[in-house]
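A short write-up of the structure that comes next.
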There are 2 protein chains.
Amino acid sequence: MYTNLINHIRRYIELDDDTIDILNKYIKPVNLKKKDFLLKEGQVCRSIYFVEKGCLRMFFVNDKMSEQITQFALENWWISDFFSFIDNKPSGYFIQTVEKSEILSIDTSSFEMMLKELPQMERYFRIVMQRALAASQLRAKYMYELTKEEFYTHFCGSFPEFVQRVPQYMIASYLGLTPEYVSELRKKKL
Amino acid sequence: MYTNLINHIRRYIELDDDTIDILNKYIKPVNLKKKDFLLKEGQVCRSIYFVEKGCLRMFFVNDKMSEQITQFALENWWISDFFSFIDNKPSGYFIQTVEKSEILSIDTSSFEMMLKELPQMERYFRIVMQRALAASQLRAKYMYELTKEEFYTHFCGSFPEFVQRVPQYMIASYLGLTPEYVSELRKKKL
DNA sequence: ACCATTTCTTAAACCAGCTTAATTTTTTTG
DNA sequence: CAAAAAAATTAAGCTGGTTTAAGAAATGGT
């Protein structure tokens with residue numbers, strides 16, 4: 001069970017069957033249908049989430065009352081509002097499924113206990129965080145150097161499967177463009 | 001020696017004197033004057049850097065041949081091109097001192113050996129990476145929700161000492177604005 | 001103190017991408 | 001399958017922030 005997570009951990013550290021059993025004590029599976037919420041604005045984000053199957057989005061509601069998506073998570077991605085998770089502060093975000101999803105969740109206290117019982121997991125999470133940071137540095141670089149049109153084209157070229165799977169207006173929101181402008185860009189490309 | 005680094009590590013994990021001695025084997029101090037480079041575009045970024053004293057900036061040169069700053073590092077910050085560091089890919093960035101600085105550097109192989117000899121440091125770096133990720137999520141949120149003018153005002157309000165210490169055109173670059181526009185904003189505030 | 005270099009300012013013309021608002025297409029649900 | 005809801009398109013007008021170009025002020029080295 002949780003084959004995706006186990007395989008993901010095994011990319012980075014050794015993991016025997018006994019350790020997997022221990023690990024299982026700390027992990028809570030959550031099955032969600034489309035548009036279910038894992039986190040709502042104002043709540044403290046008390047868990048980190050791993051996507052076994054499905055897709056999540058993280059967004060906040062801006063002053064114009066429209067949803068601003070800041071992150072997606074597909075299979076094998078961890079997602080959380082780390083700011084809220086680390087310091088137990090109320091979150092400004094929503095985390096919601098984009099489609100029917102199987103999520104694994106580890107809450108704050110399980111996370112600490114798990115790391116105490118299985119210190120080798122510190123290494124796994126160090127590497128996960130380091131890679132997430134590298135990804136976020138890369139994304140920031142693209143946002144600095146590309147025009148919005150180039151950013152859109154580059155994104156569609158890099159993640160074609162993703163573009164199929166997620167509604168266009170969500171991609172627009174994630175890239176920081178209006179749906180109208182994306183529409184215009186698509187017309188131009190044809 | 002390296003009091004800032006030692007204190008920083010002690011914020012997150014226990015550290016006895018013997019451990020510090022071991023740690024020292026892996027750390028290379030580098031003293032730099034203003035505008036010296038730690039990394040140039042095209043090189044593989046083979047180290048992570050800790051600022052004991054001073055200030056670093058990380059930037060790339062865009063197609064208009066102007067410098068786009070993506071990060072600063074003051075005292076007690078780690079900085080690196082993690083994308084290049086992790087996968088040994090040539091970096092697209094420069095890392096340069098903004099002022100005379102004392103830097104501590106750990107190269108790729110020292111990093112791996114150090115983590116093997118002192119596995120408790122995995123925890124320290126897991127926490128450092130996690131916090132860096134939280135900071136980068138927060139920064140991204142501001143970039144999404146604020147206009148450039150608000151972003152500038154917010155930045156100056158949040159880091160007044162920093163604004164003193166770093167030339168205005170660098171702050172403009174970091175925030176993704178032109179120096180001309182920052183000039184206009186300042187005039188407006190007075 | 002003086003010259004060279006770096007940094008900051010001013011102002012006008014310009015444009016990428018947004019807003020608004022109305023219409024059409026697609027998807028969801030009973 | 002039909003009605004309702006959600007998502008995508010179109011087009012015109014507008015604006016926040018850039019570009020360009022020139023001059024002024026601050027900083028640093030000798």
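Throughout, a chain's letter reflects where its sequence line sits, starting with A, and its residues are numbered from 1.
For B:Pro167, counting side-chain heavy atoms from C-beta on, the closest listed nucleotide (D:dA11, C:dG17, C:dC8) is C:dC8. The side chain of A:Leu177 approaches C:dC18 more closely than any other nucleotide in the set D:dG17, C:dC8, C:dC18. Comparing D:dA8, D:dT18, D:dA6 against the side chain of A:Ser183 picks out D:dA8 as the nearest. Here the side chain of A:Lys35 is nearest to one of D:dG17, D:dA6, C:dC8, namely D:dA6.
Checked against the 6.0 Å centroid criterion, the rings of A:Phe159 and A:Phe155 qualify as a close aromatic pair.
Per the geometry, CZ belonging to A:Arg165 stands 17 Å off P belonging to D:dA7, to the nearest Å. Following rounding to the nearest Å, A:Lys188 (NZ) and D:dA11 (P) show an atom-to-atom distance of 15 Å. Straight-line distance from the CD1 atom of B:Ile171 to the P atom of C:dT9: 12 Å, rounded to whole Å. As rounded to whole Å, 12 Å separates atom C1' of C:dT26 from atom CZ of A:Arg186. Distance A:Leu175 CG to C:dC18 C1': 16 Å, rounded to the nearest Å. The distance from atom NZ of B:Lys187 to atom C1' of D:dG17 is 15 Å, rounded to the nearest whole Å. The distance between atom CG of B:Leu185 and atom C1' of C:dC8, rounded to the nearest whole Å, is 14 Å. To the nearest angstrom, C1' of C:dT7 lies 13 Å from CD1 of B:Ile69.
A donor-acceptor contact shorter than 3.5 Å links the side chain of B:Ser101 to the backbone of B:Cys55.
Contacts of A:Glu180 with the nucleic acid, taken as non-hydrogen atoms under 4.0 Å apart, include base atoms. Nucleic acid contact for A:Tyr169: sugar-phosphate only, since backbone atoms but no base atoms lie under 4.0 Å from a heavy atom of the residue.
Summary of the strand contacts: B:Lys34 and B:Leu146 both lie near DNA chain D, and taking for each the nucleotide with the nearest heavy atom, the more 5' one is attributed to B:Leu146. Mapping B:Glu149 and A:Tyr181 onto DNA chain D by nearest heavy atom places A:Tyr181 closer to the 5' end of the strand.
A cation-pi geometry, defined here as NZ or CZ lying under 6.0 Å from the six-membered ring centre and within 45° of its normal, holds between A:Lys141 and B:Phe60. At least one cation-pi condition fails for B:Arg139 and B:Phe72: the charged atom is not both under 6.0 angstrom from the six-membered ring centre and inside a 45 degree cone around its axis. Geometrically, A:Arg57 does not engage A:Tyr169 in a cation-pi contact defined by less than 6.0 Å to the ring centre and at most 45° from the axis.
For D:dT9, the OP1/OP2 oxygens have a side-chain nitrogen or oxygen of A:Gln168 closer than 4.0 Å.
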